[in-house]
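Worth saying up front: this structure is predicted, and the values here are computed from it rather than measured.
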Amino acid sequence: MKELLIDLDISAKTALYEQIYEYIREEIMGGRLSKGERLPSARLLAENLQVSRSTADAAYAQLVSEGYLMAKRGSGYYVCDISSLYDFTINRFDSNNTGAYIREKQADSPKAGNRNQYNGEHAGTQECMYSFLPGQIDEACFPYNAWRKSAKEALADLETGHRLLQAGDPKGEYPLRRAIASYLHHARGVRCSPHQLIIGAGNEYLLQILGQVLGAPLKAAMENPTYLQAYHTFCNIGCEVQAVPMDEDGIRTEEIPGWNFNKQQTEKQPADAQSSLDTETKKDGLFLVYVMPSHQFPLGAVMPLKRRLELLAWAGACEGRYIIEDDHDSEFRYKGRPIPSLQGMDREGKVIYLGTFSNSIMPSIRISYMVLPMELLAAYEKKCGFYTSTVSKIQQMTVCRFIEDGCFERHLNKMRGIYKAKHDCLLQLLKKKKWVRRIYGDRAGLHMAVELNCSLTEEEITERAASCGLLVQGMSGCYLAGGKKPEAGPVLLLGFGNLTKSQICAAAAILDQCMEHEK
């Protein structure tokens with residue numbers, strides 16, 4: 001058993017249990033406490049540190065909830081395998097140093113289907129007892145106190161710096177972009193600087209900005225089925241969209257229009273061939289491929305390395321080709337380590353990275369971010385650099401504080417454990433059901449796609465479930481117009497984010513009732 005020699009500062013503003021938590025966490029992250037090592041009991045720790053038992057219990061409880069420790073009944077606390085936990089360090093923003101902020105801001109300026117389901121039809125429906133709709137988070141476990149504290153500190157920072165009433169940076173507040181860049185580097189392997197980041201109110205807004213940056217004519221290939229809000233946004237900006245079928249590894253690259261993938265295309269083209277390709281691209285317009293390689297919505301496919309390399313090789317074969325990587329919910333992965341981003345593998349500036357805080361913090365916050373390749377920054381400044389930011393400065397700085405103070409990291413680690421327990425509960429229930437033919441996307445995210453073994457249609461199932469007080473969504477609404485649907489049984493998208501384990505069991509029982517009377 002490991003002895004813990006913690007030097008507590010009783011005069012500090014930080015609570016004693018937080019000091020104990022921080023010490024043990026840093027020991028684990030630094031490798032000084034190794035996997036499987038046993039720690040003192042809460043009673044013994046309290047005696048050694050001369051603190052109350054409740055203080056030691058609170059510190060251990062926090063470490064257990066975030067996945068650093070595992071409690072074994074009757075045995076004690078043991079260090080967990082932390083290889084998949086988040087750990088990123090943000091340089092603290094000095095709100096009082098206005099001059100430093102201005103210098104950083106000047107240096108920043110370059111020289112050259114619905115995942116978040118809101119069903120308005122059912123809003124306020126008293127008969128609805130449970131909702132399996134995707135895109136919902138656990139509201140009960142949100143750290144309201146930490147968020148409130150971050151908001152108060154952000155407001156005080158803005159008042160102190162006399163910047164509260166001023167218009168914000170069009171790209172988004174620099175401290176937030178710096179915090180996000182650091183987070184993406186540590187958690188997702190994204191290689192970017194803060195001035196490559198654009199903050200906006202939702203991915204749809206950022207896609208509209210991107211359309212103006214790239215200019216017309218635009219063509220895009222999208223996975224089918226896919227995230228329909230992105231599809232509709234592309235259509236609204238005049239982009240010609242081609243539906244590309246999927247397999248278990250994601251988009252079928254050989255069916256991307258103009259793919260013609262061969263050995264020559266994986267290598268740099270000769271000058272004459274390159275010129276021909278460039279001419280063809282310029283004639284036909286820019287071409288985009290929109291993918292979700294780390295966790296595809298709605299099927300949950302993870303794109304393997306070979307296909308990622310093929311996609312990057314295609315994009316790098318000639319000018320005018322870009323890949324949009326939508327990394328919407330990569331934070332919550334339950335089997336294996338988080339999948340690195342496609343952008344982190346890109347060496348030619350061909351990947352445009354999209355991310356959001358909708359699942360990791362809350363859907364209502366409406367803060368998304370886009371990482372532009374360096375070669376597109378000049379076009380952004382020229383065409384869109386005068387736009388006013390669509391996200392409130394106070395809200396941006398609240399998120400910035402939430403990240404910088406370590407609240408975001410702790411929240412992610414805690415929620416992954418909570419969501420994993422719900423995920424495992426639903427998965428075990430579904431595996432026992434005779435009406436389940438296949439389960440997709442059971443390794444990450446806040447929903448599963450379940451192919452059914454029954455004679456009912458998706459519409460009949462959703463109507464029966466609604467009449468029993470359960471909201472559920474079919475996957476047929478995620479297919480692109482003109483795209484081919486596979487010849488398979490009905491598929492339901494079962495979101496579990498905002499349900500307790502007992503509610504998941506009750507909701508699954510309602511589906512049982514629907515399937516019992518399918519004839």
Side-chain angles (χ1 to χ4, degrees), residues 66-67 82-88 113-116 134-138 179-192 197 202-203 206 223 226-227 229-230 246 249-251 289-305 307-308 311-312 323-346 351-363 365 367-371 399 403 408-420 422-423 440-449 493 495-497:
E66 294 181 15
I82 62 163
S83 59
S84 61
L85 290 183
Y86 289 104
D87 176 41
F88 45 90
N114 188 355
R115 295 180 303 237
N116 301 109
Q136 300 183 88
I137 67 168
D138 191 321
I180 293 175
S182 180
Y183 157 65
L184 291 177
H185 172 69
H186 287 87
R188 303 295 301 122
V190 172
R191 300 181 303 112
C192 69
L197 277 153
N203 284 13
L206 293 175
E223 300 160 319
T226 191
Y227 178 45
Q229 287 185 232
M246 293 177 54
D249 292 333
I251 191 169
V289 174
Y290 176 94
V291 292
M292 295 166 272
S294 295
H295 185 235
Q296 199 272 346
F297 181 88
L299 288 173
V302 176
M303 187 179 293
L305 179 62
R307 189 163 297 184
R308 293 179 184 226
L311 200 54
L312 288 171
I323 302 165
I324 299 178
E325 178 182 12
D326 187 344
D327 203 17
H328 60 98
D329 69 350
S330 59
E331 291 88 356
F332 303 117
R333 182 168 175 80
Y334 314 120
K335 294 182 180 179
R337 302 191 65 175
I339 305 298
S341 68
L342 182 65
Q343 193 271 0
M345 302 172 60
D346 179 26
V351 177
I352 300 163
Y353 183 91
L354 289 177
T356 178
F357 289 112
S358 291
N359 287 325
S360 58
I361 297 182
M362 64 181 94
I365 199 171
I367 294 184
S368 295
Y369 44 89
M370 174 170 63
V371 179
V399 174
I403 296 174
F408 184 50
E409 175 188 330
R410 291 193 291 271
H411 177 58
L412 287 181
N413 289 331
K414 177 181 178 180
M415 294 313 300
R416 182 168 48 199
I418 291 173
Y419 288 139
K420 184 180 185 304
K422 297 181 181 185
H423 162 276
Y440 300 87
D442 61 338
R443 294 189 175 186
L446 302 181
H447 82 278
M448 299 178 196
L493 304 181
F496 53 84

Quiz item: Which heavy-atom pair separates Leu299 from Ala449 by the least distance, and what is that distance?
Solution: CD2-CB, 4.2 Å
Quiz prompt | Closest contact, heavy atoms only, Tyr290 versus Thr226 | solution = CE2-OG1, 4.0 Å
Quiz item: When you measure from the side chain of Glu331 to the backbone N and O of Ser360, does any donor-acceptor pair fall under 3.5 Å?
Solution: no
Quiz item: Partners of Arg191 by side chain to side chain contact (heavy atoms under 4.5 Å, CB included), sequence neighbours excluded?
Solution: Gln343, Arg347
Quiz item: Should Asp346 and Leu342 count as side-chain neighbours, where that means a heavy-atom distance under 4.5 Å?
Solution: no
Self-check item: Test side chain to side chain contact (heavy atoms under 4.5 Å, CB included) applied to Ile367 and Thr356, step by step
Solution: CA-CA 6 Å; Ile367 294 184; Thr356 178; over 6 Å; no
Exercise. Taking ring pair (Phe, Tyr, Trp, His ring centres under 6.0 Å) as the test, write out the residues that go with Tyr369, two or more places apart.
Key: Phe357
Exercise. Return the set of residues passing side-chain hydrogen bond (donor to acceptor under 3.5 Å, both in side chains) with Tyr353 (not counting sequence neighbours), or none when no residue passes.
Key: Asp327
Quiz prompt | Stepwise side chain to side chain contact (heavy atoms under 4.5 Å, CB included) test for Leu493 and Phe297 | solution = CA-CA 10 Å; Leu493 304 181; Phe297 181 88; 4.3 Å; yes
Self-check item: Over all atoms of both residues, closest heavy-atom pair of Arg333 and Val302
Solution: NH1-CG2, 3.9 Å
Practice problem: Not counting sequence neighbours, which residues clear side-chain hydrogen bond (donor to acceptor under 3.5 Å, both in side chains) with Arg443? List them please. | Solution: none
Quiz item: How about Leu354 and Ile324: do any of their side-chain heavy atoms sit closer than 4.5 Å?
Solution: yes
Quiz item: With side chains defined as the heavy atoms from C-beta onward, is the minimum distance between Asp249 and Met303 less than 4.5 Å?
Solution: no
Exercise. Provide the closest heavy-atom pair for Ser341 versus Gly344 in the form atom of the first, atom of the second, distance.
Key: OG-N, 3.1 Å
Quiz item: Excluding sequence neighbours, so at least two apart, what forms side chain to side chain contact (heavy atoms under 4.5 Å, CB included) with Asp329?
Solution: His295, Asn359
Quiz item: For Ala301, which residues count as a side chain to side chain contact (heavy atoms under 4.5 Å, CB included) partner, sequence neighbours excluded?
Solution: Met246, Gln296
Exercise. May I ask you to check whether Tyr227 and His328 place their ring centres under 6.0 Å from each other?
Key: no
Exercise. Look up atom CG in Asn413 and atom CD1 in Ile418, then write down how far apart they are to the nearest 0.5 Å.
Key: 11.5 Å
Quiz item: In terms of ring plane angle, is the pair Phe496 and Tyr334 parallel, tilted or perpendicular, where the classes change at 30° and 60°?
Solution: tilted
Exercise. Check the pair Asp326, Val291 against side chain to side chain contact (heavy atoms under 4.5 Å, CB included), reporting the backbone distance first and the verdict last.
Key: CA-CA 6 Å; Asp326 187 344; Val291 292; over 6 Å; no
Quiz item: How close do Arg308 and Pro340 get, heavy atom to heavy atom, and via which atoms?
Solution: NH1-O, 2.9 Å
Quiz item: Does Ser294 have any side-chain hydrogen bond (donor to acceptor under 3.5 Å, both in side chains) partners at least two apart in sequence or in another chain, and if so, which?
Solution: Arg188
Quiz item: Does Met362 reach the side chain of Ile137, with side-chain heavy atoms less than 4.5 Å apart?
Solution: yes
Self-check item: side-chain hydrogen bond (donor to acceptor under 3.5 Å, both in side chains) involving Asp138 - partner list, sequence neighbours excluded
Solution: Lys422
Self-check item: Reported CG-to-OG distance for the pair Leu206 and Ser368, which is rounded to 0.5 angstrom
Solution: 6.0 Å
Practice problem: Side-chain contact test, heavy atoms from C-beta onward, threshold under 4.5 Å: evaluate it for Val351 versus Met345 and give yes or no. | Solution: no
Quiz prompt | Candidate pair Glu325 and Ile352, rule side chain to side chain contact (heavy atoms under 4.5 Å, CB included), full reasoning | solution = CA-CA 6 Å; Glu325 178 182 12; Ile352 300 163; over 6 Å; no
Quiz item: Of all heavy-atom pairs between His423 and Asp442, which one has the smallest distance, and what is that distance?
Solution: NE2-O, 2.6 Å
